[in-house]
Amino acid sequence: MSWQRTIECGKLTLTHTGEKVVLNGWVNKVRTFGDLVFVDLRDRTGLIQVVIDNNDTPHLIAAANSLKPETVISLMGEVRKRRAGTENSKLSTGDVEVAAEKIEVLNEAKLLPFTLSDEEQMKQVDETLRVKYRYLDLRRPSMYQMLSLRHKAVKIIRDYMDNQGFLEIETPIISKSTPEGARDYLIPYRLQPGLFYALPQAPQQYKQLLMVAGVERYFQIARCFRDESQRSDRQPEFTQLDVEMSFITQEDVLKLMEEVSIAVVNAVSDKKMTVPFPRFTYDEAMSLYGNDKPDIRFGLTLKDIGEIASTISFHVFAEALANGGQVKAVLYPGGASLSRKELDQLTDFCKQFGAGGLATVSIGSEGMKSSISRFCEANQLAAIAEQCEAKQGDLVCIIAHANKSVVANVLSRLRLEIGQRCGLRSNDRMEFCFVIDFPLVQWNPDEKRWDAEHHPFTMPHEDNLQYIDSDPGKIRAQCYDLVCNGNESASGSIRIHNSEIQAKVFSLLGISAATQKERFGHILEAFSYGAPPHGGFAIGIDRLIMNLMDEQNIREVMAFPKVGPGYDPLMDAPSSVDSAQLKELGLEIVKTDRVNESQNE
RNA sequence: GGGGGUGUAGCUCAGUGGUUAGAGUGCCUGCCUGUCACGCAGGAAGCCGCGGGUUCAAGUCCCGUCAUCCCCGCCA
């Protein structure tokens, strides 16, 4: 008889009773009574209990007792119904077991660095160790489930886009460095030392060129590379659904973003969504939530209490308002019970984002108390409480600052913190919303110039073009984000396809004709040969999967992630290279203490 | 670039400046015929991240350093 399986472990049910089967898989766990041994055999479909009884198969008992976890075996045996009372309802195969008649060890496993069969312990195991032994970590059913869900999500996307007439087209990974945006990963060019390719931060220019090429509907499951600081939702390389369409309006793009998102969520989860996705303008989002990616799973919107604050002779409020700032508040339900120490901690929380302090009004059982009560009358506190719809037991948190963006930033983070503490950020829902009408440009005070909010090819709303000389900050762009549970899920824009408008935007951004030619000459030339109106978006697939799987860290949804600042402990990359390789590339390593140390190791 | 946390047995962790550094789990050995977190008994297993310093005495205190986790800046 061949060693090859006739059926997979997880597929066995009572209907197979009496059949002789061959199984292949890994020994998950051995429970031995000496003369009676139970082996849980695992493959990617599930677990099956194998029984070796010395009374029936004395020739197997020694081998069965010496099986090690994670050893790969082939076994032949008969499927039988479990004895009454010994069924295991936790296993899908728990009504049956296989009585082994032959066991062949295909590859014995040595002792593992961690115990795969203990899911509880695996949740605690050091991240670097798990990534170093990722091929073991991925054997766990929960990790296989992640790979499977990710595969399904991408397949749904491909099928959906195909049905809508989109072509999936690959674009180069070895490409050109772009000075804007994130730091590039560079690849030295051997044939002319001093020149470099760069890995793409996104296939942005290629997809626009495909529109010029008349493709009209492009998509790609695209790998993107950005050399930026590590975060729990960032990796040096990540995957986007990248889309571009021609002869469309913003409305067409939003519709597609919404439909494809809904298709994925419904296909792989039971999570609830509000449909159609609510929309906020950038200004509305900033006003109500203090940021451009509002978590709309809960209310607690920010209230501008500037009018009341202007009647209070508290110098912090007065100075903020006099210098063009704001006084805004957010409600903390149940926050009146916070201790003095907890309030201090909340104040420190606000200070780390730039607030000078935190003013509070609490509505406790003994009436209203406030950190600013000595500056104001009871009716002024009552007016603040009323505007914030505060009830008995609540706390109103007030931030004042001469810089509106500081008020927005601090309160948006405080709002999320409050939402977290009050249990309002449940993962059972995927609350999407669109944020539209972003500013075209943002003033960069350090460089003293206007920077593109999205990128230099973003189309302004045409009726806003009149402000291009007088008040550029007022120009709104045909630029949109899709937000899910407070995280940016997707982002895109309608692009400029008109050279006059493009020239105006370039000059606004202070990009000279010479620079335009040097940096964007190829794409500008392309646009001069008949470019259709076009636009598109990109959805961050890893973050979408994180949301779908309730994972807090992006590593958990990638097969082979990096740890720390871009280190791969499995391959031990990055690593030093042969000096001959460097010489060939015309590169010379400038010695630093750190390089010397690592070479001495 | 900055802030905070962690680093002790294979894994997860405890450890008041003072005997021979412990626990759970895993591993090894023995016993066990209905377990499925099997049970019971025994055993092996440690550069206390690394380097300095303080001290009669450092896993513990101080300085530095490395790694990792989280955050701020950064991420058109």
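Within every chain, numbering begins at 1; the chains are lettered A, B, ... in the order of the sequence lines, protein sequences first and strands thereafter. Computed from a predicted structure; not experimentally measured.
The shortest distance between side-chain heavy atoms of A:T71 and A:N107 does not fall below 4.5 Å. Residues A:R140 and A:R130 meet the side-chain proximity criterion, which asks for heavy atoms closer than 4.5 Å.
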Worked check of salt bridge (charged side-chain N to carboxylate O under 4.0 Å, His left out) between A:R425 and A:D295: CA-CA 8 Å; A:R425 303 180 72 187; A:D295 187 341; 3.0 Å; yes
Does the ring pair (Phe, Tyr, Trp, His ring centres under 6.0 Å) test come out yes or no for A:F438 and A:Y282, once each step is laid out? CA-CA 5 Å; A:F438 277 75; A:Y282 173 86; 5.2 Å; yes
Derivation of the side-chain contact (heavy atoms from CB on, under 4.5 Å) call for A:I545 and A:N547: CA-CA 5 Å; A:I545 305 292; A:N547 273 328; over 6 Å; no
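Of all nucleotides present, only B:rG43 satisfies the Watson-Crick or G-U wobble test against B:rC27, with each distance under 3.5 Å. Look at B:rU55: it lacks any Watson-Crick or wobble partner with both distances under 3.5 angstrom. In this structure, B:rG64 forms a base pair with B:rC50, meeting either the Watson-Crick or the G-U wobble geometry with both donor-acceptor distances under 3.5 Å. For B:rG22, the paired base is B:rC13 (Watson-Crick or G-U wobble, both distances below 3.5 Å). As the counterpart of B:rU33, no nucleotide is assigned, since no Watson-Crick or G-U wobble pattern has both distances under 3.5 Å. Taking a pair to require two hydrogen-bonding distances under 3.5 Å in either a Watson-Crick or a G-U wobble arrangement, B:rC38 remains unpaired.
Side chain A:R82 to base B:rU35: a donor-acceptor pair is found below 3.5 Å. Taking 3.5 Å as the limit, the base of B:rU33 and the side chain of A:D53 contain a donor-acceptor pair of atoms between them. A:E97 contributes a side-chain N or O that forms a donor-acceptor pair with the base of B:rG34 under 3.5 Å.
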Identify the pairs formed between an N or O of the protein and an N or O of nucleotides 12-14 of chain B at a distance under 3.5 Å, and give each distance.
unit_1	atom_1	unit_2	atom_2	d
B:rU12	OP1	A:D126	N	2.7

Using a cutoff of under 3.5 Å, can you pull out all pairs of nitrogen or oxygen atoms linking the protein to nucleotides 2-7 of chain B, with atom names and distances?
none

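Put simply, A:R555 has a side-chain N or O that comes within less than 4.0 Å of OP1 or OP2 on B:rC70. Under 4.0 angstrom from either OP1 or OP2 of B:rC74 there lies no side-chain N or O belonging to A:R226. Listed pair A:K29 / B:rC38 meets the phosphate criterion, a side-chain N or O lying under 4.0 Å from OP1 or OP2. Residue A:R231 has a polar side-chain atom (N or O) positioned under 4.0 Å from OP1 or OP2 of B:rC72. Applying the 4.0 Å criterion to OP1 and OP2 of B:rC70, one finds that A:Q230 has a side-chain N or O inside that range. In terms of phosphate contacts, A:T32 brings no side-chain nitrogen or oxygen within less than 4.0 Å of OP1 or OP2 of B:rU35.
Residue contacts for A:T128: at a heavy-atom cut-off of 4.0 Å it reaches the sugar-phosphate backbone alone, with no base atom in range. Backbone-only contact: A:G564 has heavy atoms under 4.0 Å from sugar-phosphate atoms and none from a base. A:P236 comes within 4.0 angstrom of no nucleic acid atom, judged by non-hydrogen atoms across all strands. Among the atoms of the strands shown, only primed sugar atoms or phosphate atoms (P, OP1, OP2) are found under 4.0 Å from some heavy atom of A:K68. A:E453 comes within 4.0 angstrom of the backbone, heavy atoms only, and of no base. Nucleic acid contact for A:N553: sugar-phosphate only, since backbone atoms but no base atoms lie under 4.0 Å from a heavy atom of the residue. When heavy atoms are screened at a 4.0 angstrom cut-off, A:V563 is found touching the sugar-phosphate backbone but no base atom. At the heavy-atom level, A:R519 lies nowhere under 4.0 Å from the strands shown. Using a 4.0 Å heavy-atom criterion, one finds that A:R413 contacts the sugar-phosphate atoms exclusively.
Using the six-membered ring where Trp is involved, A:F457 and A:F527 have ring planes that are perpendicular, over 60° apart on the 30 and 60° scheme.
If you check B:rU33, B:rC75, B:rC71 against the side chain of A:E228, the one that comes closest is B:rC75. The side chain of A:S232 lies closest to B:rC71 when the candidates are B:rU68, B:rC71, B:rA37.
Taking the C1' atom of each, B:rC48 and B:rA14 are spaced 13 Å apart, rounded to whole Å. Comparing the C1' positions of B:rG7 and B:rU12 gives a spacing of 13 Å, expressed to the nearest Å. As rounded to the nearest Å, B:rG43 and B:rU6 have P atoms that lie 35 Å from one another. The same atom, P, is picked in B:rC63 and in B:rG3; the two are 14 Å apart, to the nearest Å. Rounded to the nearest Å, the gap between the P atom of B:rG46 and that of B:rA21 is 12 Å. Across B:rC28 and B:rA45, the matching C1' atoms stand 10 Å from one another, rounded to whole Å. Here the separation of B:rG59 from B:rG17, taken at their P atoms, is 13 Å to the nearest Å. Comparing the P positions of B:rG49 and B:rU8 gives a spacing of 6 Å, expressed to the nearest Å.
Dense packing is recorded around CH2 of A:W450, with more than 12 heavy atoms of other residues, nucleotides or ligands lying under 6.0 Å away. In the displayed structure, A:R44 atom CZ is contacted under 6.0 Å by at most 12 heavy atoms of other residues, nucleotides or ligands.
In this structure, CG of A:N88 is placed 9 Å from P of B:rC36, rounded to the nearest angstrom. Between A:D227 atom CG and B:rG1 atom P there is a gap of 12 Å when expressed in whole angstrom units. Counting to the nearest Å, the P atom of B:rG10 and the CG atom of A:L136 are 17 Å from each other. Across the protein-nucleic acid pair, A:N65 atom CG and B:rC31 atom C1' stand 12 Å apart, rounded to whole Å. Between the CZ atom of A:R234 and the P atom of B:rC69 there is a distance of 14 Å, rounded to whole Å. We find that CD of A:Q240 is positioned 16 Å from P of B:rC75, with the value rounded to whole Å.
Going from atom OG1 of A:T347 over to atom CG of A:L358 covers 4.5 Å, rounded to the nearest 0.5 Å.
Look at A:F33 and the base of B:rU33; the rings do not stack under the cut-offs of 5.5 Å between centres and 30° between planes.
Shown here for A:L241 and A:I541, the closest heavy-atom pair between the two residues is N-CG1, 3.6 Å.
A:K293 and A:E488 are not joined by a salt bridge, as no carboxylate oxygen comes within less than 4.0 angstrom of a charged side-chain nitrogen.
A cation-pi geometry, defined here as NZ or CZ lying under 6.0 Å from the six-membered ring centre and within 45° of its normal, holds between A:K474 and A:Y467.
Both A:P69 and A:S229 lie near RNA chain B, and the one whose nearest nucleotide falls closer to the 5' end is A:P69. Nearest-nucleotide positions on RNA chain B for A:K562 and A:F353 put A:K562 closer to the 5' end.
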